[in-house]
Amino acid sequence: MNRFAPTSRTCSQCGRLDGPKPLSVRSWTCPCGVTHDRDTNAAKNVLAQGRWDNSNACGAQVRPAPVPAPRREAGIHPGAARCSAHSAEGIPVL
């Protein structure tokens, strides 16, 4: 959504763009007959735009699909089962 979209001046009922208004005008009536609170009307328009603009929710996967490990990484490696009781850099191995 355009961050400078005139959401408080656009009728959330019919979509008509009304003229500029000073911030002191807190409510206005559209020619279609609906009276709007400026902030509530803007919130309705932002919500409608967010529901309409689903460009990041088109069914694409957010995470890539799981990929099997290459054969050299899968399975048990010889010598991998050997545990050492020695410490690594002064930290005891549990």
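Position 1 is the first residue of the sequence; numbering continues from there.
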Looking at Arg9 and Pro20, what are the two nearest heavy atoms and their distance?
->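 For Arg9 and Pro20, the tightest heavy-atom pair comes out as NH1-N, 3.3 Å.
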Nearest non-hydrogen partners of Thr10 and Asn45, listed with the distance =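 In terms of heavy atoms, the two residues are closest at O-ND2, 2.7 Å.
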Name all residues meeting the side-chain contact (heavy atoms from CB on, under 4.5 Å) criterion together with Pro22; count only those two or more places apart in sequence or in a different chain, and write none if there are none.
->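 Applying side-chain contact (heavy atoms from CB on, under 4.5 Å) to Pro22 gives Ser24, Val25.
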Just jot down the salt bridge (Lys or Arg N to Asp or Glu O under 4.0 Å) partners of Asp18, sequence neighbours excluded, or say none.
->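 Scan of Asp18 (salt bridge (Lys or Arg N to Asp or Glu O under 4.0 Å), adjacent residues dropped) gives Arg16, Lys21.
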Output side-chain donor-acceptor pairs under 3.5 Å for residues 29-36, partner residues at least two apart or in another chain, one line each.
unit_1: Thr29; atom_1: OG1; unit_2: Thr35; atom_2: OG1; d: 3.1
unit_1: His36; atom_1: ND1; unit_2: Asn41; atom_2: OD1; d: 3.2

Calculate, to the nearest 0.5 Å, the distance between atoms OG and CG belonging to Ser27 and Asp39 respectively.
->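 One finds 10.5 Å between OG of Ser27 and CG of Asp39.
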Rounded to the nearest 0.5 Å, what's the gap from NZ on Lys44 to SG on Cys11? Could you check?
->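 One finds 9.0 Å between NZ of Lys44 and SG of Cys11.
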